[in-house]
Amino acid sequence: MPGRTFLFVPGPTNVPERILRAMDRPMEDHRSSAFPDLATGLLRDIRKVFQTTTGQAFIFPATGTGGWEAALVNTVSPGDRLLAARYGQFSHLWIELAQRHGLRVDIIDVEWGEGAPADRIGEILSQDKQHEIKGLLIVHNETATGVTSDIAAVRGAMDAAHHPALLYVDGVSSVGSIDFRMDEWKVDLAITGSQKGLMLPAGLGIVCASPKALAAREQAKCPRAFFDFGDMIRANATGYFPYTPSIPLLYGLRESLAIIAEQGLDNIFARHHRLADGVRAAVRAWGLKLCAKAPQWYSDTVSAIMIPDGTNAADVIDVAFRRYNLALGAGLGRLAGKLFRIGHLGDLNELMLLGALAGAEMAMRDVGIQLTPGAGVAAAQEHYRATAAPLAARPPAPASTDAQLPASGKPAPRATVRA
Ligand code: PLP
């Protein structure tokens with residue numbers, strides 16, 4: 001099909017041209033004397049995205065799932081008790097992974113569409129007088145339901161219960177897109193993958209570990225080899241990896257971190273919020289509901305949109321893909337067929353999102369969902385227009401080469417734009 005595919009799954013996300021170019025390079029020797037410059041800079045700078053100065057970063061050739069595993073096997077022992085809240089497919093899968101490692105997980109089941117229940121967590125931890133619970137697993141942004149949890153509140157509940165459990169937080173679809181404060185929230189193990197807010201292909205599983213988490217390694221007996229923090233710490237100390245790293249991904253990560261530093265984390269969070277609000281305006285205009293039950297849970301990186309009973313979201317996704325070249329996210333687990341998801345994270349702007357909303361709207365109408373044509377797109381447009389930055393605040397557009405060097409050889413006058 002001519003034109004670009006519109007990639008609107010909540011990861012992998014669009015990879016900016018700058019990153020594609022940075023990755024497009026010949027392979028090089030990962031044991032050369034030049035390599036430590038690259039590795040050391042990345043291990044230092046990635047921590048800024050987690051907002052930590054005290055955490056130690058680990059970059060595994062893996063994915064978010066590998067990050068889950070690395071965080072657990074380095075810090076606990078088979079038979080240890082963990083507490084976890086389950087409110088979507090990813091919190092469910094993380095629990096399963098822990099169980100496969102022989103960990104006993106006390107599960108707090110929460111309605112899918114809500115987030116981590118800080119009060120309930122606090123009660124359970126207060127009752128655990130012997131401190132048998134070694135860790136608490138929380139997914140910050142549940143990508144399956146489009147729900148963001150309040151990690152500060154969870155940390156507050158742990159502190160109020162004076163409980164020493166390690167706090168494990170999955171930031172796979174939040175780190176680099178939604179405010180994630182590892183140090184302030186005293187997160188012990190923070191996990192992300194490369195293919196979401198970092199705007200890279202999948203292939204890196206990134207974990208930041210607090211000093212308390214690193215100390216827990218001494219007692220942790222889970223078998224570990226590929227994901228052993230100890231091997232990584234020794235190799236990283238000299239600027240190398242214990243095995244062959246993905247060189248293109250590391251160069252891509254360097255470019256990604258440069259882009260994030262140039263844009264500024266706060267601006268990135270604000271952009272995600274504004275773009276997400278436009279999608280939410282469209283959903284309201286369609287007369288549909290989000291899976292997220294209340295505004296306190298709304299995610300700024302993904303919207304999971306419930307479609308009317310009697311229709312199948314898989315059909316919407318199929319038509320969007322085959323007819324309009326638009327990739328939407330599917331309903332996962334028990335939500336299959338009930339919703340589709342629009343990922344609005346990473347390298348995106350208003351017009352890209354309006355394209356996705358237009359495609360979703362057409363695909364929904366094609367499968368028989370009654371909507372006023374254009375209603376969602378119009379609502380999002382109005383939101384983006386109403387909240388647009390004043391033109392004066394924008395950096396001037398760079399003069400193009402053509403503008404500087406017209407055929408006459410004289411510089412062309414710069415066009416002026418009035419706000
Ligand atoms: N956690 C969350 C919140 C996710 O969204 C995902 C994937 O989408 C994962 C974990 C698993 O990550 P990966 O697919 O990179 O292994």
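Order of appearance sets the numbers: ligands from 1, and atoms from 1 within every ligand. All figures in this text were calculated on a predicted structure; none of them were measured in a lab.
- Only the backbone of N141 comes within 4.0 Å of ligand 1, counting heavy atoms alone; no side-chain atom from C-beta on gets that close.
- For atom 14 (O) of ligand 1, the nearest protein heavy atom (residue, atom name, distance) is Q195 NE2, 3.9 Å.
- Of all the atoms in ligand 1, the ones that sit under 4.0 Å from a non-hydrogen atom of T143 are 2 (C), 3 (C), 4 (C), 5 (O).
- Relative orientation of the F241 and F35 rings is perpendicular, given thresholds of 30° and 60° on the angle between their planes.
- For the pair E142 and ligand 1, the shortest N or O to N or O distance does not fall below 3.5 Å.
- In this model, a donor atom of one side chain and an acceptor atom of the other lie less than 3.5 Å apart for D183 and T53.
- Within the cation-pi definition used here (under 6.0 Å to the ring centroid, within 45° of the axis), R25 qualifies as a partner of Y251.
- Aromatic rings from H131 and H163 are positioned such that their centres are separated by under 6.0 Å.
- At a threshold of 4.5 Å between non-hydrogen side-chain atoms, the residues R120 and I124 count as touching.
- Ligand 1 places these atoms under 4.0 Å from at least one heavy atom of D170: 1 (N), 2 (C), 3 (C), 10 (C).
- Within the 4.0 Å heavy-atom cutoff, G64 counts among the residues contacting ligand 1.
- For the pair W94 and ligand 1, no heavy-atom separation below 4.0 Å is found.
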What donor-acceptor contacts under 3.5 angstrom involve side-chain atoms of residues 362-382, with partners at least two apart or in another chain?
from	atom 1	to	atom 2	distance (Å)
D366	OD2	R323	NH1	2.9
D366	OD2	Y324	OH	2.7
E382	OE1	R385	NH1	3.4

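- The shortest distance between side-chain heavy atoms of M27 and P248 falls below 4.5 Å.
- In terms of polar-atom proximity, V172 is not counted as a contact of ligand 1, lacking any N or O under 3.5 Å from an N or O of the ligand.
- Heavy-atom proximity to K196, at under 4.0 Å, picks out these atoms of ligand 1: 5 (O), 7 (C), 8 (O).
- Counting heavy atoms only, T65 comes closest to atom 16 (O) of ligand 1 of the residues V9, T192, T65.
- Nearest protein heavy-atom contact of atom 10 (C) of ligand 1 is W68 CZ2, 3.2 Å.
- In this structure, H140 does not count as a contact residue of ligand 1, since none of its heavy atoms falls inside 4.0 Å of the ligand.
- Among all non-hydrogen protein atoms, the one lying nearest atom 9 (C) of ligand 1 is F90 CD2, 3.6 Å.
- Side chain of R224 to main chain of C222: a donor-acceptor pair is present (N/O by atom type, distance under 3.5 Å, no hydrogens or angles).
- For a threshold of 3.5 Å applied to N or O pairs, the pair formed by S173 and ligand 1 contains no separation below that value.
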Distance-only donor-acceptor hits, side chain of residues 194-211, under 3.5 Å, sequence neighbours excluded:
from	atom 1	to	atom 2	distance (Å)
S194	OG	P201	O	2.7
S194	OG	G203	N	3.3
S194	OG	L204	N	3.0
K196	NZ	P10	O	2.8
S210	OG	D188	OD1	2.7
S210	OG	K212	N	3.3
S210	OG	A213	N	3.1

